[in-house]
Amino acid sequence: MFNLIIFGPPGSGKGTQSKKITEKYNIKHISTGDILRNEVKQQTELGMKAQKLMEKGELVPDELLIKILHSVMDKNKETAGFIFDGFPRTLVQAKELDKLMEQIDDSIDLVISLEVPDDEVVSRLLKRAEIEGRKDDNRITIGNRLNVYKEQTSPLLDYYAEANKLEKVDGVGTVDEIFNSICKVIDKYLMI
Ligand code: B4P
């Protein structure tokens with residue numbers, strides 16, 4: 001299996017690039033943001049718990065995310081690999097993901113970090129707000145999401161750098177330019 005994490009601040013293009021990676025490399029895309037938004041839409045018990053936190057730009061508790069992940073991985077045992085988009089976001093989640101991978105005799109192969117400056121992500125997310133009207137894409141919540149990213153999520157960069165799994169990619173440019181840079185990193189790893 002080939003297992004990849006796509007990492008970066010909110011609005012860095014994780015979701016956008018994951019869709020293209022999934023198509024090209026035929027691996028299963030797991031977006032915890034999409035899963036949570038779907039739960040909110042259906043107003044499930046989990047969705048109702050997550051909604052308030054997401055609208056404030058806070059993280060949903062680790063134990064809920066770990067349960068979700070466990071269940072999605074379990075339903076996709078036949079896949080050629082996974083692309084994790086928006087997960088892990090805390091050290092607890094990263095360690096739990098390592099454990100889940102171990103249970104299936106596998107591991108995370110590569111972590112691609114999309115490097116995008118704050119002013120660029122803010123302008124992308126404000127633009128998306130006009131098009132899609134996502135409740136967490138407003139100036140105040142975006143500011144909080146960036147703070148949460150810096151405090152709780154960015155320390156994972158050290159975790160994966162120490163494990164020799166981290167590759168940084170410039171996340172500024174056209175979607176296709178960035179995708180080409182990502183493919184070069186993946187192909188080098190897979191030695192295509
Ligand atoms: P996510 O859905 O993961 O939201 P995100 O970080 O904003 O990234 P997203 O994938 O949507 O955006 P993208 O960068 O592709 O999470 C939302 C919330 O869910 C979190 O705040 C949290 O509350 C909760 N959550 C999710 N996972 C969790 C976890 N593991 N633990 C706890 N809580 C969790 O794209 C952004 C915009 O940029 C798009 O409009 C896109 O079109 C545009 N764009 C992309 N590439 C571009 C480019 N190259 N140039 C210009 N624009 C571009």
Side-chain angles (χ1 to χ4, degrees), residues 5-22 29-41 46-73 82-98 100 108 111-156 159 169-183:
I5 293 173
I6 188 123
F7 197 86
S12 55
K14 300 184 297 288
T16 308
Q17 296 297 334
S18 293
K19 288 185 188 90
K20 293 176 78 73
I21 297 168
T22 301
H29 177 202
I30 301 183
S31 160
T32 45
D34 286 351
I35 293 171
L36 289 170
R37 276 186 290 279
N38 194 37
E39 296 282 333
V40 171
K41 205 167 149 196
L46 165 63
M48 286 190 280
K49 269 189 203 155
Q51 187 167 18
K52 287 192 195 104
L53 293 162
M54 290 172 81
E55 284 176 8
K56 284 192 277 183
E58 300 291 337
L59 295 182
V60 176
D62 288 333
E63 62 271 21
L64 295 180
L65 266 298
I66 290 160
K67 247 194 218 165
I68 291 176
L69 196 78
H70 202 286
S71 142
V72 182
M73 285 176 67
F82 291 104
I83 170 160
F84 298 97
D85 158 15
F87 189 98
R89 264 177 155 95
T90 63
L91 200 54
V92 171
Q93 292 182 13
K95 290 186 174 164
E96 200 58 40
L97 179 58
D98 283 345
L100 285 176
I108 294 298
V111 179
I112 293 184
S113 168
L114 294 172
E115 306 286 302
V116 183
D118 286 2
D119 55 347
E120 171 72 14
V121 300
V122 172
S123 97
R124 285 182 190 180
L125 294 175
L126 289 176
K127 198 167 156 200
R128 181 169 69 185
E130 286 170 20
I131 303 165
E132 293 179 21
R134 245 173 73 170
K135 283 203 175 145
D136 56 347
D137 285 343
N138 63 73
R139 213 173 262 282
I140 293 171
T141 307
I142 293 168
N144 195 34
R145 284 159 67 193
L146 278 170
N147 287 339
V148 168
Y149 172 78
K150 281 174 194 151
E151 283 163 19
Q152 301 187 49
T153 307
S154 66
L156 294 185
Y159 180 75
V169 166
D170 184 2
V172 181
T174 67
V175 169
D176 285 337
E177 280 165 357
I178 299 161
F179 182 58
N180 280 338
S181 309
I182 292 174
C183 290

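Indexing begins at 1, ligand by ligand and atom by atom, following the structure's order.
From Asn180, atom CG reaches atom NZ of Lys20 across 8.5 Å, with rounding to the nearest 0.5 Å. Rounding to the nearest 0.5 Å gives a distance of 4.5 Å between CG of Leu36 and CD1 of Ile68.
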**OP:** Apply side-chain contact (heavy atoms from CB on, under 4.5 Å) to the pair Gln93 and Leu156, showing each step before the final yes or no.
**Re:** CA-CA 10 Å; Gln93 292 182 13; Leu156 294 185; over 6 Å; no
**OP:** With side-chain contact (heavy atoms from CB on, under 4.5 Å) as the test, would you mind laying out the steps for Phe179 and Gln17 before giving the verdict?
**Re:** CA-CA 6 Å; Phe179 182 58; Gln17 296 297 334; 3.3 Å; yes
Subject >> Verdict with supporting geometry, Arg139 and Val122, side-chain contact (heavy atoms from CB on, under 4.5 Å) >> reply: CA-CA 8 Å; Arg139 213 173 262 282; Val122 172; 4.1 Å; yes
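Between Phe84 and Met73 the shortest side-chain heavy-atom distance falls below 4.5 Å.
Salt bridge status for Arg37 with Asp34: present, with a side-chain N to carboxylate O gap under 4.0 Å.
No N or O atom of Ile178 sits closer than 3.5 Å to an N or O atom of ligand 1. For Gly57, no nitrogen or oxygen atom sits less than 3.5 Å from a nitrogen or oxygen atom of ligand 1, counting backbone and side chain alike. Annotation: Ser12 places an N or O atom under 3.5 Å from an N or O atom of ligand 1; distance criterion only.
Crowding of Ile140 atom CD1: a count of heavy atoms from other residues, nucleotides or ligands under 6.0 Å not exceeding 12. The environment of NZ in Lys56 is sparse: at most 12 heavy-atom neighbours from other residues, nucleotides or ligands sit within 6.0 Å.
Of the listed options Gln51, Arg89, Lys14, Arg89 places a heavy atom closest to atom 3 (O) of ligand 1. The option from Glu132, Glu120, Arg128 that lies nearest to atom 11 (O) of ligand 1, judged by heavy atoms, is Arg128.
Using a 4.0 Å cutoff on heavy atoms, Arg134 counts as a contact of ligand 1. Using a non-hydrogen distance threshold of 4.0 Å, Arg37 registers as a contact of ligand 1. The closest approach between any non-hydrogen atom of Leu36 and ligand 1 is below 4.0 Å.
A donor-acceptor contact shorter than 3.5 Å is absent between the side chain of Arg145 and the backbone of Gly11. Without hydrogens or angle criteria, Ser71 side chain to Lys67 main chain gives no donor-acceptor distance under 3.5 Å.
Closest non-hydrogen pair, Val116 versus Pro9, comes out as O-CG, 4.1 Å.
Protein heavy atom closest to atom 31 (N) of ligand 1, with residue, atom name and distance, is Gln93 NE2, 2.9 Å. Residue, atom and distance of the protein heavy atom nearest to atom 44 (N) of ligand 1 are Arg124 CD, 3.9 Å. Counting only heavy atoms of the protein, atom 18 (C) of ligand 1 lies nearest to Met54 CE, 3.9 Å. The protein heavy atom nearest to atom 33 (N) of ligand 1 is Val60 N, 3.1 Å. Gly15 N, 3.1 Å is the protein heavy atom nearest to atom 10 (O) of ligand 1. Summary of contacts: the protein heavy atom closest to atom 49 (N) of ligand 1 is Gly173 O, 3.0 Å. Remark: minimum distance from atom 45 (C) of ligand 1 to any protein heavy atom is reached at Thr16 OG1, 3.2 Å. The protein heavy-atom contact nearest to atom 22 (C) of ligand 1 is Glu58 O, 3.7 Å.
Of the heavy atoms in Gln152, none comes closer than 4.0 Å to ligand 1. In Leu59, the parts holding a heavy atom less than 4.0 Å from any atom of ligand 1 are both the side chain and the backbone.
Counting the atoms of ligand 1 from 1 in the order shown, those under 4.0 Å from a heavy atom of Thr32 are 26 (C), 27 (N), 28 (C), 30 (N). If you number the atoms of ligand 1 from 1 as listed, the ones under 4.0 Å from a heavy atom of Arg145 come out as 5 (P), 7 (O).
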